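Here's the structure we're looking at; comments come further down.
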Amino acid sequence: MKTEASNNQKKNVKEAKSSSNFIKQIIEEDIKANKNEGRVHTRFPPEPNGYLHIGHAKSICLNFGLAKEYNGLCNLRYDDTDPSKETIEYVEAIKEDVRWLGFEWEDREYYASDYFEQLFEYAVQLIKAGKAYVDSLSPEEIREYRGTLTESGKNSSYRERSIQENLDLFERMRAGEFKDGEHVLRAKIDMASPNIIMRDPTLYRIKHVSHYRSGDMWCIYPMYDFTHCLSDSIEGITHSICTLEFEINRELYDWVLDWLEVYHPQQIEFARLNLSHTVLSKRKLIRLVEDGHVTGWDDPRMPTISGLRRRGYTPEAIRNFCNRIGVAKADSMVDIALLEYCIREDLNKRTPRVMGVLRPLKVVIENYPEDKEEELEAINNPEDPSMGTRKVPFSRVLYIEQEDFMEDPPKKFFRLAPGREVRLRYAFFIKCIDVIKDPDTGDIIELRCTYDPATRGGDAPDGRKVKGTLHWVSAKHAIPSEVRLYDHLFVKENPNEVEEGKDFSTYLNPNSLKTLKDCKLEPSLAKATPGSRFQFERLGYFCVDSKDSTAKALVFNRTVKLRDTWAKILKSHQKNTVDK
RNA sequence: UGGGGCGUCGUCAAGUGGUAAGACACAGGAUUUUGGUUCCUGCAUUCGGAGGUUCGAAUCCUCCCGCCCCAGCCA
């Protein structure tokens with residue numbers, strides 16, 4: 001028997017704690033060695049040029065989670081050094097998403113663009129140290145001079161300009177005396193380095209573009225490699241966690257900080273998230289939006305935070321997911337089934353149950369009086385008795401789900417069929433006595449049934465058992481609704497893996513959205529507010545769409561299906577018959 | 001064929017010289033007024049491969065194989 005305490009414990013299920021990983025080990029060793037006086041300070045550094053997705057959630061949970069676990073801090077920092085792509089709208093959307101996920105950066109909201117003056121001073125310092133120079137090669141020449149992966153590059157003819165000349169030119173770059181592309185500031189490292197990043201990387205470029213924050217104050221903008229390490233240094237970041245593709249940039253990260261002799265955070269790289277049946281690159285997500293494959297960044301099919309939110313996902317489920325997938329250095333592809341498991345787990349505990357019929361089939365209870373109606377008591381959440389009960393109206397004409405009736409049922413089909421008796425959840429046993437078809441099409445349009453008044457509530461006093469229990473809605477009381485059923489965006493597990501001459505969009509799932517306009521819901525749903533979540537019994541978890549739903553015309557999104565053993569049985573049977 | 005990384009169950013992933021955690025998925029079974037939930041049970045004699053060191057190797061050494069990243073004035 002479950003005790004009150006164990007019930008409570010269950011309700012407050014502790015968030016899955018992330019297990020040990022190599023980053024925690026590094027941090028723990030650092031703390032033990034009293035590196036940084038035992039301080040842990042991380043940062044989440046998005047570029048405001050797109051919306052956050054579940055891959056960013058992994059990074060957010062990692063950075064903020066580490067800070068929390070080791071009593072440290074995590075900054076929110078915008079890496080906004082490319083004014084041609086960045087906007088304030090993205091800044092706002094990112095803040096909303098991080099906050100919604102449940103993380104708090106307090107007053108530590110920083111912008112690399114706020115460091116421009118300081119960064120400029122650092123660049124001057126580098127020039128003075130003879131470690132940077134103004135190059136006047138064209139972009140094409142710079143590319144040619146860089147060499148290839150197997151051949152070393154060659155020095156620019158401007159590489160040996162005097163410090164004075166470099167200083168003068170750099171000041172004039174800042175002053176706006178030159179056009180875009182005329183000059184760049186480069187680090188003077190080694191054009192023969194086997195690491196291409198180190199072949200005199202560009203530090204500053206001229207861009208006569210106004211910046212969403214600094215306006216027209218600058219026409220030269222620092223590059224990522226120069227900005228990021230110094231921003232980390234300025235903020236006193238201890239562990240600068242980024243994704244694997246920056247591994248080769250670490251040499252430059254260290255080079256800049258070493259030559260400038262400033263506080264030196266440690267860059268640590270981990271593998272970015274890949275999720276099956278979707279794409280997670282900004283470029284591809286933008287294409288989905290721009291090509292109209294989805295309705296926007298917050299389309300409930302998108303793996304964006306805003307899409308997941310609109311779909312009905314909870315921050316808790318996403319955080320649990322991030323804790324469960326782990327952190328490592330091996331490239332990997334997480335099965336989207338794990339994400340779905342996480343949201344079901346959360347919604348199962350917190351969501352009220354209701355009945356709604358997606359594809360209605362009319363049922364007339366012949367022995368139920370025309371004018372009679374009654375209310376039956378239904379449990380709101382069997383997982384949580386404190387959520388109480390509600391009344392659902394019953395009357396002579398009902399709707400059940402089309403797929404809950406079969407005229408010629410296969411073995412193991414426990415639902416309604418001619419002559420068979422089933423239970424209507426929380427109501428009565430009914431028996432099908434007749435099937436009415438459309439004379440032209442042959443489609444089943446109505447079922448005639450009888451009910452057993454003695455089974456009120458769902459139990460037969462004579463101990464009679466029934467195999468199936470169906471959800472239903474009283475026709476007279478039903479409220480109409482539109483319901484959107486979502487499925488994986490891509491049919492292919494890894495849409496990034498494309499066949500010759502094809503592109504990821506060829507693997508788009510044509511059935512990723514099915515809109516049902518004739519759904520019938522129990523009347524208690526009339527007052528459902530945007531964003532509220534429910535379990536439609538036997539079907540799945542649904543939420544009221546926050547954009548398109550109105551009090552008069554409800555729109556529900558299916559967050560995720562319930563686990564469906566019957567569907568599995570059907571599938572394996574089909575497979576078996578095909579195999580034979 | 002330069003450099004930097006990575007290979008442990010179908011998918012993630014612990015493991016750090018003492019004899020392969022856990023989760024998802026999958027397959028059985030029990031309970032069930034949701035074919036839901038919950039609960040049991042099963043699921044890597046073997047860690048990319050081959051050698052070697054060792055009483056003992058997923059862990060150390062050697063060679064090989066495979067995959068990923070880098071030639072933006074993007075991040």
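Residue numbers begin at 1 in each chain, while the letters A, B, ... track the order of the sequences. Fair warning: this is a prediction, and the values are worked out from it, not measured in the lab.
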Inset, instruction - Any chance you could list the contact pattern along nucleotides 70-75 of chain B? Use B for base contacts, S for sugar-phosphate-only contacts and - for none, protein heavy atoms under 4.0 Å, 5' to 3'. - result: BBSBSB
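- For B:rG17, there is no paired nucleotide, since no Watson-Crick or G-U wobble pair has both relevant distances below 3.5 Å.
- Residue pairs meeting the salt bridge (Lys or Arg N to Asp or Glu O under 4.0 Å) criterion with at least one partner in residues 136-156 of chain A, sequence neighbours excluded, are absent.
- We find that CG of A:Asp384 is positioned 15 Å from P of B:rU38, with the value rounded to whole Å.
- In this structure, A:Glu345 atom CD and B:rA25 atom C1' are separated by 15 Å, rounded to whole Å.
- Using a 4.0 Å heavy-atom cutoff across all strands shown, A:Gln535 reaches at least one base atom of the nucleic acid.
- The phosphate of B:rG15 has OP1 or OP2 within less than 4.0 Å of a side-chain N or O from A:Ser20.
- For the salt bridge (charged side-chain N to carboxylate O under 4.0 Å, His left out) test, residues two or more places apart in sequence or in another chain that qualify with A:Lys207 are A:Asp82.
- Nucleotides B:rC9 and B:rA21, compared at atom C1', are 13 Å apart to the nearest Å.
- Side-chain proximity of A:Asn348 to the nucleotides B:rG36, B:rC24, B:rG35 is greatest for B:rG36.
- Remark: A:Arg344 engages no residue in a side chain to side chain donor-acceptor pair (under 3.5 Å) (not counting sequence neighbours).
- In this entry the base of B:rG28 is anti relative to its sugar, with a glycosidic angle more than 90° from 0.
- Scored by the ring-ring contact (aromatic ring centres under 6.0 Å, His included) test, A:His471 finds no partners at all (sequence neighbours excluded).
- Across all strands shown, A:Phe414 has heavy atoms under 4.0 Å from base atoms, whether or not it also approaches the sugar-phosphate.
- The partner of B:rG2, taking Watson-Crick or G-U wobble pairs whose two distances both stay under 3.5 Å, is B:rC70.
- B:rC47 sits 27 Å from B:rC26 when the P atoms are compared, rounded to a whole Å.
- Pair check for B:rC24 finds B:rG10; Watson-Crick or G-U wobble, both atom distances under 3.5 Å.
- The separation of B:rU16 from B:rC61, taken at their P atoms, amounts to 16 Å, rounded to a whole angstrom.
- Contact annotation for A:Val327: backbone-only contact, meaning every heavy-atom pair under 4.0 Å involves sugar-phosphate atoms and none involves a base.
- Counting only residues at least two apart or in different chains, ring pair (Phe, Tyr, Trp, His ring centres under 6.0 Å) contacts with residues 177-196 of chain A comprise A:Phe178-A:His183.
- A:His488 has its NE2 atom 12 Å from the P atom of B:rA25, to the nearest Å.
- B:rC69 and B:rG28 have their C1' atoms separated by 44 Å, with the value rounded to a whole Å.
- No hydrogens or angles considered: nothing links the side chains of A:Arg425 and A:Thr469 as a donor-acceptor pair under 3.5 Å.
- Here the P atom of nucleotide B:rU38 and the NZ atom of A:Lys349 are 11 Å apart, to the nearest Å.
- When Watson-Crick and G-U wobble pairs are counted only if both distances are under 3.5 Å, B:rA57 pairs with no nucleotide at all.
- Among residues at least two apart or in separate chains, salt bridge (Lys or Arg N to Asp or Glu O under 4.0 Å) pairs with a member in residues 321-340 of chain A are A:Glu247-A:Lys329, A:Glu269-A:Lys329, A:Arg324-A:Glu345.
- A:Arg359 has no carboxylate O lying under 4.0 Å from a charged side-chain N of A:Glu403, or vice versa, which leaves the two without a salt bridge.
- Atom pair A:Arg344:CZ and B:rA23:P shows a separation of 17 Å (rounding to whole Å applied).
- In this entry the distance linking OH of A:Tyr341 with C1' of B:rA13 reads 16 Å, nearest Å.
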Inset, instruction - Starting at the 5' end of nucleotides 5-12 of chain B, put B wherever the base has a protein heavy atom under 4.0 Å, S where only the sugar-phosphate does, and a dash everywhere else. - result: SS----SS
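- Residues passing the ring-ring contact (aromatic ring centres under 6.0 Å, His included) test with A:Tyr145, sequence neighbours excluded: none.
- A gap of 13 Å separates the C1' atoms of B:rG15 and B:rA57, to the nearest Å.
- For the P atom pair drawn from B:rA13 and B:rC6, the interatomic distance equals 13 Å after rounding to whole Å.
- Residues from residues 21-29 of chain A placing a heavy atom under 4.0 Å of any atom in RNA chain B, listed by number, are A:Asn21, A:Gln25.
- B:rA30 is paired with B:rU38 under the criterion used here, namely a Watson-Crick or G-U wobble arrangement in which both key atom distances are under 3.5 Å.
- Nucleotide B:rG35 holds its C1' atom 13 Å from the CZ atom of A:Arg423, rounded to whole Å.
- Every side chain to side chain donor-acceptor pair (under 3.5 Å) that A:Glu522 has, sequence neighbours left out, goes to A:Arg390, A:Ser524.
- At the heavy-atom level, A:Arg563 lies under 4.0 Å from the strands shown only through sugar-phosphate atoms.
- Considering only residues two or more places apart in sequence or on other chains, A:Asp254 meets the side chain to side chain donor-acceptor pair (under 3.5 Å) condition with A:His264.
- Look at CG on A:Asn320: it is 12 Å from P on B:rC24, rounded to the nearest Å.
- Cation-pi check for A:Arg213 over A:Tyr111 is met; the charged atom lies under 6.0 angstrom from the ring centroid and within 45 degrees of its normal.
- Between B:rA20 and B:rG48, the two P atoms lie 16 Å apart (nearest whole Å).
- For the C1' atoms, the distance linking B:rU8 with B:rU59 amounts to 11 Å, nearest Å.
- The CH2 atom of A:Trp255 sits 14.0 Å away from the CG atom of A:Asn249 when rounded to the nearest 0.5 Å.
- Residues A:Tyr253 and A:Asp232 have side chains that bring a donor and an acceptor to within less than 3.5 angstrom of each other.
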